[in-house]
Amino acid sequence: MIYFIGNSDYKNKATLQECFDYCFKKEILGIDIETTRLYKQGTYDESEYKAGLDPYLSKICMLQIGDIENQYVIDTRVIDISLLIPIFKTNILFVGHYLKFEYIHLKHNYNIVLENIYDTMLSDQVIFNGLGKSKDNPEGLRFSLEALCDRYLGIKKQDNNLFNQDEDDETIDKSTRLGFINIGDRDFTEKEIEYGAKDIEYPLLIKSLQEQNSYFPKECLSLEFEFEKVLGDIELKGINFDKEKWINTYNEKLPIYEFRLKKLNTFIEQNYKNFCTIPDLFNTEQNCDILWSSPDQVIQFLRFLNICPKEKSKQTKKMEWTCGAKSVLKLLPRNLKELYEKDIDIDITDINTFLLNYLLWNKSKQCCTTFGEEWLKNIHPITKRVHTSYTQILNTGRISSRNPNLQNLPADESYRQCFIQSIGNKFLNCDFSSQESRVLAEVSGDKKMLDFFNNGHPIHKTDFHSFTGTNMFSLLRNDPDLIINKKDFPEERQIAKTISFKVAYGGSAYTLKDDFGTSEEEAQLFIDNFLNAFPDLKSYFKNCEENVLKTGYIIIDKTTNRRWFSPDFDKLEKINKEIWSYFPDNYRKLSKEQREKVKKEVYLKNPHVKDMWSLYFTIQSSLKRTSLNYPIQGLAGSQTKKSAVLFRKYCIENNLQDKLFLVNLIHDECSAEVNENFAEKGLQILKSKMIEGAQFFCEKVKMDAEGNINTNWSK
DNA sequence: AATTCTGTCCTC
DNA sequence: CTAAGAGGACAGAATT
C-alpha cells in the first residue's frame, strides 16, 4: 500500500506520525529521495555543479521510506520530517540504489547520517565485478536500477516511464534524478507518487535476490557500504582551494608555453616555407601553418622530414604514425632526453633540438589547458571548495575521481600547494610506504622481500629499490659484494625501481623497453633478474595464471573475497574446443613429425583456424596479465578503503568529525584536514588507522605509512 | 551543431 | 602465437 503525506490529491493519505510508528519498529527499510533545484535557473553557473545533483544547489522534494508492504511518500516541500529523525538513529538497515546520493543530501539537509546501509548498485558491481559494460564489452551488464529491475524482477523499462530510455547508466541515473528538477511548487501527480514508492520497493526485492547468488561476498560488500559513506563525506565536504595561487602558477607557466610555441613557429617560418601560409592581399606574412596541437598535422610534418616514428595503436592495433613523446624521444640523443626529463629549454639549431622543443611544448600545454584557468570552474559557487565525484568500484577495486579528477594532478608542487586547509586547520598528508611492493611480498610470500620489510636491512635500511638493485645486479654482474645505493648507482637503482613497479603492475618486457630505452631482450633480462632476485615470485605468478585459466576469475583479496570475473572466459573455452575439433582425436599421441604434418594439413584446409589461435592467445595472455596485476592493485585498493573506513569510525566514535576529516584519497595516499591545535594527534590517528586498515589484509608483511603536517597538500 | 573517436598527457 | 597495469581530461578530427 502506498501512503502519501503532503498536499497532493492522492487516494491514500497518512500522517507523519503513522509513518514514524510504522517505520520505527522495522528492521529493514527501503529509502529513496528526489531532489529539485534550490535556486531559480541562472542563479549559479550549473555547467559543473548541477542543481538537482549537487547538495548545495538542491533541496529534497520527496522522501520515500517503507518496506515491501507499505511505502510512505512524503512531500518534503510542505512536510517537516524532523519527527522521523529518530528512525535514522536506530539500527534499522536502509536499502536503496546508489545511496551515496541519499547519504549526501540527507546529511546536508537534515543532518541525517545513514549509517547502516545496503546498496543494491554496489552489491551488483561487486557480485558481477568484471562483467559490466565497458568499451571492450559493450554487451556487458549495467548497474542502473532500471537494469537491475530487468535482470532480477523481469520488469522492463517501458513499464515505468520515469526511467529514461537512454543507453548509458550514468545518464539514466542523472535524468531519473533530474526528473523533478524544475517541479517548483506543482503538486506531485499520482504517477510520480507511485513511481516514487516503487523506487524503494524494487531495491528491497532485489536485495533478497542478490543474497541468493552463489557468490555473495558479505565482507567485501560491507566494506564497500562503509566506504560509500567515506566518499559521501569527502564529496560533501570538498577540499579548500587557493584560487590566487593557482592563477599565479598559471601566470608563471603560460610564458614558457608561449615561448616554446613561438620558437616552433619561427623555426618553421625560417626553414620550411612550404608549411607556412601563402601571403595574400590581407596578410603579407608567411606564418607557420602547422597546428601543433593537432597530431595529424605534426605527423604530416615529421613524415615530410622522413623521421616520423610508428607505434602500434591501442585502438586500431596496427602500426600507425605517431608524434607522442614516448616514440619521438627514441630519436633523440641521450643529452637531449635528459633535458626533456628535466624540462629545460634549448635553442632550436637542428631537427633534434626542434623535436625536443616540440615535446617540451607538448608537455607544458597541459598547464594551460587541463590545469589552466578553465580548471577554476571546478570551484564550487557556494562553498568555494572543490568537490570531486568518485567512482567507487573499478574492476581492480580501486576508485577513480572526476569533475575534477583529483588523482592525476601533476605531482609538481606548484599545483598541489593550491589545495589548502581551512582557517584554523592544518593539512595532513599521509601515504603508505612502498604499498604495492609490500602487497607483492604478502601475496607472493617471497621470503627475501618479507624479511626486508619486516626486519629491515643492515645496509639498505628502508630503501627497497636499492635493496632490489643490489639483489638484481649482484646476480647480473656476478659480483656478490656489489651494493647499490642512491648516490653511487642512481641508474641501477632507477632500473630496479621501475622493474618492481611495472612487474607489480603486470608489465612486460615490451612495455619496459620504452622505460629503459633498451631492446625488448635486454628488458626481459632485467625482468628475469628481478624474478631471480626474489625466487618465490615465479611460482606465485605461475599459480595466479593457472588459477584464472582454470576458474575464469581472480581472487583479488581473500580477506573480503573480492573477485574479478573474466567476461571472456566462456569464449576462451569455446574457441579452444572449436580449434581442437579440426584436429584428429589422437593428435596428441602422434609423434612430433606426424603432428607437424597434420597441423599443416589442418591449416591448409581451414586457414581461419590460425586466426582462432591468434584470438585464443590474445585473450589468454590478457587474462594472465590481469591475474598478476589485479591482486596487487586491488588488494592495495582494499587496504586504502579499509583504512579510510577505520579512520571515519574512529573520528565518529571520538566525536572528532569537525576537527579531523578526510578531503581526498589517491590510491595509496590519504589527505585530511585537522584543527591546528590537534595536528600532531590527528596525524598520529590517520597514520595508525592507515596501518591498521592495511594490516587487516596482510598477515605476513608489516605495512607502514608516513605523513606530514603542512598548510597545503604538497610535501 | 552536437556527439563520438583518437591521440596525447597527467596520476598512482 | 598475440598484446603488453589502472584511470580521466583535453583538443582536434571524424561522423552524424
Side-chain angles (χ1 to χ4, degrees), chain A residues 134-136 167-168 171 291-299 311-318 320-328 358-359 361-372 374-375 377-378 388-391 394-412 415-416 431-432 434-436 498 501-515 520 523-524 527 556 564 579 599 603 609-634 636-637 640 664-669:
Chain A
S134 69
K135 226 192 217 154
D136 296 332
E167 291 280 296
D168 183 37
T171 51
L291 189 55
W292 298 104
S293 52
S294 158
D296 280 13
Q297 297 185 25
V298 174
I299 284 167
E311 203 64 55
K312 205 169 244 176
S313 156
K314 267 209 164 119
Q315 302 289 333
T316 64
K317 325 248 181 234
K318 281 182 197 149
E320 308 272 12
W321 302 108
T322 175
C323 58
K326 222 166 81 183
S327 311
V328 176
Y358 167 69
L359 294 182
W361 173 80
N362 229 350
K363 201 152 80 162
S364 59
K365 194 175 51 168
Q366 221 177 23
C367 309
C368 309
T369 55
T370 312
F371 304 117
E374 268 292 282
W375 205 91
K377 71 183 180 217
N378 293 308
T388 186
S389 308
Y390 295 98
T391 297
L394 305 177
N395 279 341
T396 53
R398 271 186 171 186
I399 61 171
S400 72
S401 146
R402 72 202 135 82
N403 301 331
N405 183 353
L406 290 180
Q407 296 185 322
N408 75 340
L409 279 154
D412 174 357
Y415 294 99
R416 303 213 170 187
D431 55 1
F432 290 113
S434 338
Q435 188 188 22
E436 249 116 19
T498 308
F501 270 115
K502 289 287 170 115
V503 168
Y505 283 164
S508 61
Y510 183 87
T511 47
L512 272 161
K513 72 180 176 23
D514 290 328
D515 294 322
E520 199 171 331
Q524 187 59 53
I527 292 182
I556 291 178
W564 175 84
I579 289 173
K599 210 157 77 180
Y603 290 158
V609 172
K610 266 199 166 167
D611 297 335
M612 289 169 66
W613 269 123
S614 157
L615 183 62
Y616 177 79
F617 281 106
T618 302
I619 297 174
Q620 194 197 58
S621 70
S622 163
L623 263 186
K624 284 181 176 177
R625 260 177 286 113
T626 307
S627 78
L628 307 185
N629 172 248
Y630 278 23
I632 310 290
Q633 273 200 32
T640 307
N664 193 28
L665 297 173
I666 316 183
H667 306 312
D668 68 338
E669 181 182 348

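Every chain is numbered from 1 and lettered A, B, ... according to where its sequence line falls, protein lines coming before strand lines.
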Any side-chain N or O of [X] below 4.0 angstrom from OP1/OP2 of [N]?
X	N	value
Gln297(A)	dA13(C)	yes
Asn405(A)	dA9(C)	no
Asn408(A)	dA6(C)	no
Ser293(A)	dG12(C)	yes
Thr322(A)	dG7(B)	no
Ser400(A)	dG8(C)	yes

**Message:** Considering every strand and a 4.0 Å limit on heavy-atom distances, what is the contact class for Lys326(A): base, sugar-phosphate, or nothing?
**Reply:**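 Nothing, no nucleic acid heavy atom in range.
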**Request:** Report which part of the nucleic acid Ala325(A) touches: base, sugar-phosphate, or nothing (heavy-atom distance under 4.0 Å, all strands).
**Result:** sugar-phosphate
What's the closest nucleotide to the [X] side chain, out of [options]?
X	options	value
Thr370(A)	dA9(C), dA3(C), dA6(C)	dA9(C)
Ala411(A)	dC12(B), dC10(C), dG8(C)	dC12(B)
Lys363(A)	dC12(B), dG12(C), dC9(B)	dC9(B)
Thr369(A)	dA11(C), dG5(C), dG8(C)	dA11(C)
Pro410(A)	dT11(B), dC10(C), dC12(B)	dT11(B)
Glu520(A)	dA13(C), dT11(B), dA4(C)	dA4(C)
Asn629(A)	dG7(C), dA13(C), dG5(C)	dG5(C)
Lys610(A)	dA13(C), dA3(C), dC1(C)	dC1(C)
Arg402(A)	dG8(C), dC1(C), dC12(B)	dG8(C)

**Asked** Below 4.5 Å, heavy atoms only, C-beta onward: do Val609(A) and Tyr603(A) meet side chain to side chain?
**Response** yes
**Fill in**
Output for pair (Asp668(A) CG, Gln633(A) CD), nearest 0.5 Å, gives 11.5 Å
**Item:** Donor + acceptor pair across side chains of Tyr415(A), Trp375(A) (<3.5 Å)
**Value:**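 Per modelled atom types, Tyr415(A) and Trp375(A) side chains form no pair under 3.5 Å.
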**Request:** Grab the two heavy atoms, one from Ile556(A) and one from Asn395(A), that are nearest each other, plus how far apart they are.
**Result:**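 Answer, listing the atom of Ile556(A) first, then Asn395(A): CD1-O, 3.6 Å.
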**Request:** For Leu665(A) and Gln407(A), work out which heavy atoms get closest and say how close.
**Result:**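 Heavy atoms of Leu665(A) and Gln407(A) come nearest at O-NE2, 3.2 Å.
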**Prompt:** Counting only heavy atoms not in Lys377(A), do more than 12 fall under 6.0 Å of its NZ?
**Reply:** yes
**Request:** Please state whether the rings of Phe617(A) and Trp613(A) are parallel, tilted or perpendicular, taking 30° and 60° as the class boundaries.
**Result:** parallel
How close or far is atom [atom2] of [N] from atom [atom1] of [X], stated in whole angstroms?
X	N	atom1	atom2	answer
Leu628(A)	dA3(C)	CG	P	19 Å
Arg398(A)	dC12(B)	CZ	C1'	5 Å
Asp668(A)	dG7(C)	CG	C1'	15 Å
Lys377(A)	dA9(C)	NZ	P	9 Å
Trp361(A)	dC9(B)	CH2	C1'	12 Å
Leu409(A)	dC12(B)	CG	C1'	12 Å
Lys513(A)	dA4(C)	NZ	C1'	9 Å
Ile632(A)	dG7(C)	CD1	C1'	18 Å

**Asked** For atom P, what is the distance between dA4(C) and dT8(B), given to the nearest Å?
**Response** 16 Å
**Message:** Once hydrogens and angles are ignored, does a donor-acceptor distance under 3.5 Å link the base of dG5(C) to the side chain of Gln633(A)?
**Reply:** yes
**Prompt:** What about Ser621(A): does its side chain form a donor-acceptor pair under 3.5 Å with the base of dT2(C)?
**Reply:**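 Side chain to base: pair found, below 3.5 Å.
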**Message:** With nearest nucleotide decided by heavy atoms, which residue, Leu615(A) or Gln407(A), maps closer to the 5′ end of DNA chain C?
**Reply:**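 Between the two, 5'-proximity favours Leu615(A).
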**Message:** By a 5.5 angstrom centroid cut-off and a 30 degree plane limit, is there stacking between Phe617(A) and dT2(C)?
**Reply:**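 It does not: the ring fails the test against the base of dT2(C).
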